[in-house]
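Throughout, a chain's letter reflects where its sequence line sits, starting with A, and its residues are numbered from 1.
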Amino acid sequence: MEYNFARIEKKWQDRWFSEKTGAAVTGSEKPKFYGLIEFPYPSGQGLHVGHARPFTAMDIICRKKRMDGYNVLFPIGFDAFGLPTENYAIKNHIHPSIVTRDNIANFTRQLKMLGYSFDWDRCVDTTDPDYYKWTQWIFLQLFRNDLAYKATMPVNWCTSCKCVLANEEVVDGVCERCGSEVIRREKSQWMLRITKYADRLIDDLDDVDFIERVKIQQKNWIGRSEGTELTFATTAGDPLTVYTTRCDTLFGVTYMVLSPEHPYLEKWKDAVSNWDAVSAYRDEAARKSDFERSELNKDKTGVLLDGVRAVNPATREEIPIYVSDYVLMSYGTGAVMGVPGHDQRDWEFATKFGLPIIEVVRGGDITKEAFTLKDDTGIMVNSGFLNGMTVKDAIPAMKQWVTEQGFGHPKTNYKLRDWVFSRQRYWGEPIPLVNCPKCGWVPVPEDQLPVLLPEVESYEPTDTGESPLSKMTDWVNTTCPHCGGPAQRETDTMPQWAGSSWYFLRYMDPKNDSAIASKEALDYWSPVDWYNGGMEHTTLHLLYSRFWHKFLYDIGAVPTKEPYAKRTSHGMILGEGGEKMSKSRGNVVNPNDIVEQYGADTLRVYIMFIGDFTKAAAWSGKAVAGCKRFLDRIWVIASERREGDELSKANEKEVHRAIQKVGSDIEEMKFNTAIAQLMSLVNQFYANEPSRGDIRALLLLLSPFAPHIAEELWELQGFEGMACETAWPVFDESKMIDEVKTIAVQVNGKLRSTVAAPLDADQQTLLELALADRKIAGYAEGMEIVKTIVVPNKLINLILKPKK
RNA sequence: GCCGGUGUGGCGGAAUUGGCAGACGCACGGGACUUAAAAUCCCGGGUUCGAGAGAGCGUACGGGUUCGACCCCCGUCACCGGCACCA
């Protein structure tokens, strides 16, 4: 009989979906396991082989967990709001909701074709009003708790998408999505106060099992730094406050710098004698994008503020104040103290402007570059009461001094900024607020949610930068929920990150119409036990969703502080030549083609065998065929009716080892070596005819990886039920023992021979066996044994030296 | 520049974390079956020298620790990812 994968895969998928073998049961007595993958964006291109890697991995884990007796929640959904769909809709004059519906249908078909054991009854779609009702509800809670606010600020503006971008969406000065230029633009935007959660987002990482590089990347992104705020008196009267992490260098401050956006510039206008030059510099800086301003190795530029001077509180000396765009308004206070001896940027500025450079930490050569080391090697000099101390001691000493003197105080700063939450686009969740001339911003009452996205004629972006919704006057004009007077709806929509910030909660109870999910479901399923996803989401989705979840925890809406107990990450699938897959390179592999040619099981096995799951891996068409060959070999050996329900004597050792190895490899995401182990087992069966019991074990081990062929062979062999619903086999360590061990024999640390020895042979026995070996005897000739090192059951190393 | 990561045959990758480097697969070579080819099955293989038994050299490079190092330590180089005038 032939291995007809197309027929078999269709047959078993129909059966799994009709019998709902992937269904999760809220409240079951079994232990629960919640395995999560990042739900896909349903693009027009359809499923990519890149999706297949993490999806197959988590499917294998979840299938194994079910066999281990867990009540598994393994859900799927679609993150369907967003720009590509909207752009496609505009270009082809099809409504985004229709584009979305078609794309979801296509994705669903493809996901089912790969045999993933999702609980399809829990499928969510972020563009479904029954879903985004709750996205809007969460926004309203944020608003009520003063975590959403409107602010006019310079924002990143994509010139092509005609839309505001979050900092995270700007990559190398261009739009992450379309690659167009991003400029700065003043706009009034809804903001979320993620910065209020900065400390908890860092500190609570200690309580979760995330891979280390995710934790480090999140910490770096949040960028907490412990420093000091210092206040300098000025001749203009206004005290000037700066932030520094090196208050120990205060005696070395020889000038001050303000950012071009610093409010004091306007304030000091009359006191500044060269205002024209200052004003011109400021205007020039304003015209530049953030990217231009921060371009690599740019020469320092700046202008002296002629007429105002600051006073160094430590030395009491007057020092000049400059304006320069190397100081950012958005970090710290927008002003810095210049310490050219011990900060490289200050050193460059001082060198260019001929400012004095004072050494206050000994250890470097400040005529050549700034000496920036902060460790114990530096000793304070030219620094009054700090002289002779190490930098390490000087920092707290200075902190204490400035605090006592009233010049400053300790201060923590963060690189993290608040989250720009508005988008001037159509295809997103409407922000459920009404602007009333009398009452200000008023939330839409919760019983009126969802605020539906209105049907519009044109959803094209406007040149003014207003949302397309602003043209819908019927929809925009409404009454104030508070005073009943005429008012206007907010026309901005939410960013794509909104719907994905809480979707894992909705899976727990997806049809609930009175809450994001029932308390019972939240208590039962929380937290997500294992979340696997891409590293590219570490500082966006993963951080945003942790923020929302902590907020929901604070208002009592969810039972855990953290949403995800464990986070792992997979490597990218690259094209055949090791380059990123892209349409322009023409190296994109379509899963449909692979499934058609080899079947879903082959694709699943190959994508897991391709290499280390955590590292990038290049596609190989030849190697796919090798995996098909592996399944063919299984078909041949397992489709034939076998005798004997026990494991065969010849194979039992290898079977037990495989049960152990495959099981532990799945837990550790070492899928490639798990499959290698299965291949070895099949090779073993080709050498020693397997019993029916041997085949049974093989099929169970195979079933998470290649579930269709495993079920078909399971049925052919006449085993009961379905393999995917059978318990994972148990290994017996005592059956895995070799009675005879091959022992490596080293002479002076070099491998010279191997000998066969009984299990657990002692040193004396091993020594005798080694010396009985012809080659070793040759080496030992005329030598004496100085030392013998034995690693039980592994190795004996003889240290020899010539006899005197 | 800073923070992470990686570097092993012709190729993808293994190595119980200090104990026989190269599992498993791809590609390749040889054999069996076949009129022939494909498919399948069996065998082989790091590299150099050697007819051979065998010996030397081998985990990016240079040192070190150790009876013993792909693994630990110090230094260097290359590539990948993230951040980047964050004071």
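- Residue-level contact check: A:Asn683 touches the backbone only, with heavy atoms under 4.0 Å from sugar-phosphate atoms and none from bases.
- No side-chain donor-acceptor contact under 3.5 Å links A:Thr254 to the backbone of A:Ile357.
- A residue-by-residue look at A:Lys775 and A:Ile610 shows that A:Ile610 has its nearest nucleotide of RNA chain B further toward the 5' end.
- When rounded to the nearest whole Å, the span between CD1 of A:Ile573 and C1' of B:G12 equals 12 Å.
- Across all strands, A:Ala616 comes closer than 4.0 Å only to sugar-phosphate atoms, never to a base (heavy-atom distances).
- Note: CG (A:Asp665) to P (B:A23) measures 17 Å, nearest angstrom.
- Rounded to whole angstrom, the span from the CG atom of A:Leu416 across to the P atom of B:C83 amounts to 14 Å.
- The interatomic distance linking A:Gln677 (CD) with B:G25 (C1') rounds to 14 Å, in whole Å.
- Proximity of A:Tyr326 to the phosphate of B:A87: no side-chain N or O atom is located under 4.0 Å from OP1 or OP2.
- Distances shorter than 4.0 Å separate none of the side-chain N or O atoms of A:Lys670 from OP1 or OP2 on B:U17.
- Of the candidates A:Thr249, A:Thr244, A:Asp248, A:Asp248 is the only one forming a side-chain hydrogen bond (donor to acceptor under 3.5 Å, both in side chains) with A:Arg246.
- Within the nucleic acid shown, A:Ile216 comes within 4.0 Å of sugar-phosphate atoms alone, with no base atom in reach, counting heavy atoms only.
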